[in-house]
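Here is the structure we will look at.
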Amino acid sequence: MFTSNSFAIHFLLLPLIAFSVLSAGKSLPPQVLSWSSKTYGPNGPWNAITISIGSSPSSPPQAVDLLPGGQWMTNVISPSVCAANTDACGIPKSAGFYDQNSSDSVTSISNTGQIYPNTQMASVTGALPSLTGEAFWMFDTIAFSARPGTGGEPGAVVIANFDLLVLAEALEELPDGTKYPVQVGKLALGAPHFNQTWSHIPDPVPWNGTLLTSALFGSGRTSSNSYGMHLGSAALGIPGSLNLGGYDQNRVLGPVSSQPYTLDHFPIDLLDIGIGVAEGESPYSFTKQSGLLAAGNSSIGVAMTVFVEATVPYIYLPQSACDAITKNLPVIFKPNLGLYLWDTTSPRYQSIVSSPAFLSFTFRLSNSVSQNLTINVPFALLNLTLTAPILSQPAPYFPLRPDQGPSSSFTLGRAFMQAAFVGVNWQDDVEGNGLWFLAQAPGPNTPSNPTPVAISPTDNTITASTVDWKDTWKGTWKLVESPSNTTTSGNSTSGSSSESPSSTPSAPKSPRLSKGAIAGIAIAVVLGLAGAVGVAFFIWRRQRKNSKPKPQLSTNGPDPLGEAPPRFPTSREEYRSSGYGPRELDAGNESFHKPYKPEPSSESDLGNGAHQQSLRATTPGSFPIEMAG
Ligand SMILES: *[C@@H]1O[C@H](CO)[C@@H](O)[C@H](O)[C@H]1NC(C)=O
Ligand SMILES: *[C@@H]1O[C@H](CO)[C@@H](O)[C@H](O)[C@H]1NC(C)=O
Ligand SMILES: *[C@@H]1O[C@H](CO)[C@@H](O)[C@H](O)[C@H]1NC(C)=O
Ligand SMILES: *[C@@H]1O[C@H](CO)[C@@H](O)[C@H](O)[C@H]1NC(C)=O
Ligand SMILES: *[C@@H]1O[C@H](CO)[C@@H](O)[C@H](O)[C@H]1NC(C)=O
Ligand SMILES: *[C@@H]1O[C@H](CO)[C@@H](O)[C@H](O)[C@H]1NC(C)=O
Ligand SMILES: *[C@@H]1O[C@H](CO)[C@@H](O)[C@H](O)[C@H]1NC(C)=O
Ligand SMILES: *[C@@H]1O[C@H](CO)[C@@H](O)[C@H](O)[C@H]1NC(C)=O
């Protein structure tokens with residue numbers, strides 16, 4: 001089909017040029033993004049960010065709300081997603097569609113290929129992993145509102161040739177086979193590479209799809225190719241926080257864990273899961289429990305590698321761990337949904353979701369053998385709501401799914417990230433490697449005025465605030481009465497007297513995009529990313545059918561401590577039919593990218609197959625795309 005002509009090249013590079021140019025340069029404040037006033041389901045509510053895409057003389061830029069997170073291509077929904085499902089579309093119109101036919105600034109190139117109808121997107125790096133459908137790569141100008149962390153008015157940021165995956169048909173599937181169209185796209189937050197670069201036959205100049213964090217860094221607006229994010233809680237009114245080139249220190253509490261990322265994921269070793277109570281009495285018959293991760297499952301050893309992923313909604317854990325966690329919870333498992341509904345008739349439901357009780361996740365701290373980091377997720381954050389099209393009558397649910405996530409790994413999704421700070425410094429060394437950061441995020445009692453801190457190109461950790469996590473929840477949760485009181489009274493006083501966290505004082509929402517800043521932005525503004533000077537070095541490789549066998553790779557990625565093999569997909573064959581070529585597979589199977597050492601080279605090396613082959617061995621990032629026929 002598409003095989004022989006379809007390939008992409010990948011650029012490795014500029015990190016180092018930019019790195020060396022800018023690491024000596026001045027520190028710029030982070031750029032703080034504004035959040036939409038609207039929130040989205042159907043398994044949230046989730047906070048979103050508004051961007052506008054494209055423009056033409058006849059139609060205004062198209063405003064779309066997107067959930068921030070994930071790498072590589074930003075995923076936007078085409079109106080055709082609804083056309084194909086007119087009966088049950090139910091996409092909130094407010095989330096917005098992107099129609100490339102209404103934009104004059106869009107480019108598509110033949111070499112990107114497409115995701116074919118009915119393809120599982122999980123194996124396509126940068127696509128929303130839970131979807132099946134059809135999609136196209138396109139490049140268009142985007143604009144959004146950001147303000148410098150040092151204060152001042154929000155301004156419009158414009159990025160040309162932004163890397164988009166336009167979802168023409170995109171379905172989520174419930175465990176019972178029911179399908180529904182995706183409700184909202186994702187705003188990708190950079191990638192291990194500066195641009196996503198494609199060959200552009202017959203044009204000898206490769207084509208670059210630009211990415212959010214690197215575009216701001218490359219244009220000299222931020223100190224580094226990095227970001228810091230706390231999704232917040234739409235239900236409890238904790239506004240989201242997204243800083244490019246830095247982070248809001250108010251959103252980072254306690255120890256910070258730094259570890260390598262992979263091509264498309266943020267893996268970390270999960271050591272344990274527990275239940276605890278921050279203060280007062282316990283709503284349980286116990287005050288503390290641990291050992292829930294490995295309970296009743298001898299195959300889970302000291303640790304289990306999980307992904308932390310903002311592109312999926314739930315907390316995906318083994319059945320055994322879910323059983324241990326839910327054993328003492330008033331929840332009812334719904335096999336058709338693969339989720340647990342809260343038993344709202346139980347008096348313990350109100351008591352637990354309004355109490356200072358939390359689910360705790362203990363991780364290996366910065367790849368240490370002996371130190372750990374615990375992130376507490378109060379049950380108040382785990383009282384989310386299922387709405388249409390998943391359930392016609394909204395119902396509170398506990399966002400735990402006893403299964404692997406769509407990326408075939410156990411995954412902590414957005415539900416977890418309501419309580420976690422996640423950041424990345426995409427390149428913190430001259431070789432272009434970087435680290436991602438995980439820390440406890442605060443509760444509703446957080447200053448609405450941020451404390452922005454820049455991430456410098458060489459930073460391999462970030463500095464937390466000294467605030468005590470408990471204090472950020474004070475006044476929001478309701479202390480539990482002593483158990484004898486609740487058991488003897490026989491009726492639930494806690495239900496009626498409990499304060500709803502959503503009605504308690506909380507930080508106000510961030511200001512919306514203001515002053516029409518993003519409207520009417522000129523079409524052809526092109527970012528001057530050309531500031532980076534120096535030797536560009538890239539790899540170009542024509543993908544052939546039946547390409548050479550790849551170097552042997554173990555089915556599991558290397559684990560630095562040899563304790564818990566990451567659960568990467570083991571079958572490369574399964575990928576062959578799903579759109580990605582061997583180089584991509586190999587990259588995906590490398591759990592931690594290795595430094596690449598570009599040899600002195602010049603463009604005359606292009607097309608020199610032998611040379612490329614030898615480079616490929618040390619350049620996991622190059623991923624020509626093979627559309628399997
Ligand atoms: C990224 O792509 C932009 C737009 O094509 C280009 O100006 C810039 O030089 C590229 N940067 C790198 C590091 O490849
Ligand atoms: C855009 O136009 C093309 C060609 O007319 C058409 O096939 C496609 O369906 C249109 N896309 C949308 C989203 O309307
Ligand atoms: C893409 O980036 C590379 C590396 O910076 C550059 O050589 C090339 O000219 C860029 N392509 C376009 C179309 O700007
Ligand atoms: C036990 O844990 C493994 C992961 O180590 C998981 O694949 C398996 O499904 C778990 N078994 C049960 C019964 O949950
Ligand atoms: C985490 O570290 C503390 C202090 O060293 C230790 O007591 C605890 O057992 C560790 N927890 C896990 C799950 O390893
Ligand atoms: C739990 O969530 C529901 C919405 O599904 C909300 O109405 C209710 O007030 C929440 N309960 C508590 C205690 O926050
Ligand atoms: C029940 O709670 C009230 C106040 O919350 C307290 O005064 C009383 O002593 C408690 N009774 C028991 C039996 O614990
Ligand atoms: C609930 O408890 C209160 C005080 O303990 C009591 O006055 C009331 O009658 C009880 N209601 C029911 C329905 O048992």
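Quick caveat, the model's predicted, so the values are computed rather than measured. All values below were derived from every heavy atom in this structure, side-chain atoms included, with hydrogens, water molecules and symmetry-related copies excluded. Every number for a ligand or one of its atoms is a count from 1 in the order of the listing.
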Item checked: R221 to L28 - nearest heavy-atom pair and separation -> C-CD1, 3.7 Å
Next item on the list: If the plane angle is over 60° it's perpendicular, under 30° parallel, otherwise tilted; pick one for H265 and F307.
Entry: parallel
Checklist line | Short N or O distance, N161 and ligand 1, threshold 3.5 Å exclusive | finding: no
Check: Counting each atom of ligand 4 from 1 as listed, which ones have a heavy atom of Q319 under 4.0 Å away?
Finding: 14 (O)
Checklist line | OG1 on T305 to CG on D269, rounded to 0.5 Å | finding: 4.0 Å
Margin query: Under 4.0 Å, heavy-atom basis, I'd like to know which part of Y349 is in contact with ligand 6: side chain, backbone, both or neither.
Written below: side chain
Notebook entry, point to check: For ligand 1, is there an N or O atom under 3.5 Å from any N or O atom of N195?
Noted result: yes
Item checked: Test applied, side chain to side chain contact (heavy atoms under 4.5 Å, CB included); reference residue, P402; option that passes from Y340, Y316, Y314 -> Y340
Notebook entry, point to check: Looking only at N/O atoms, are T385 and ligand 6 under 3.5 Å apart anywhere?
Noted result: yes
Next item on the list: Could you list the residues that satisfy side-chain contact (heavy atoms from CB on, under 4.5 Å) with K474, not counting sequence neighbours?
Entry: E279, D471
Note to self: Rounded to the nearest 0.5 Å, what separates atom CD in Q71 from atom CG in L263?
What the structure shows: 8.5 Å
Notebook entry, point to check: Which of the atoms of ligand 6 are close to Q350, meaning less than 4.0 Å from one of its heavy atoms?
Noted result: 13 (C)
Margin query: Going by ring pair (Phe, Tyr, Trp, His ring centres under 6.0 Å), name the residues that satisfy it together with W342, two or more places apart in sequence or in a different chain.
Written below: Y349, F398
Next item on the list: Number the atoms of ligand 1 from 1 as they appear, then name those within less than 4.0 Å of a heavy atom of F194, with their elements.
Entry: 11 (N), 12 (C), 13 (C)
Notebook entry, point to check: So is N383 polar-close to ligand 6, meaning N/O to N/O under 3.5 Å?
Noted result: yes
Note to self: Give the atom numbers and elements of ligand 4 that come within less than 4.0 Å of a heavy atom of S299.
What the structure shows: 1 (C), 2 (O), 3 (C), 4 (C), 5 (O)
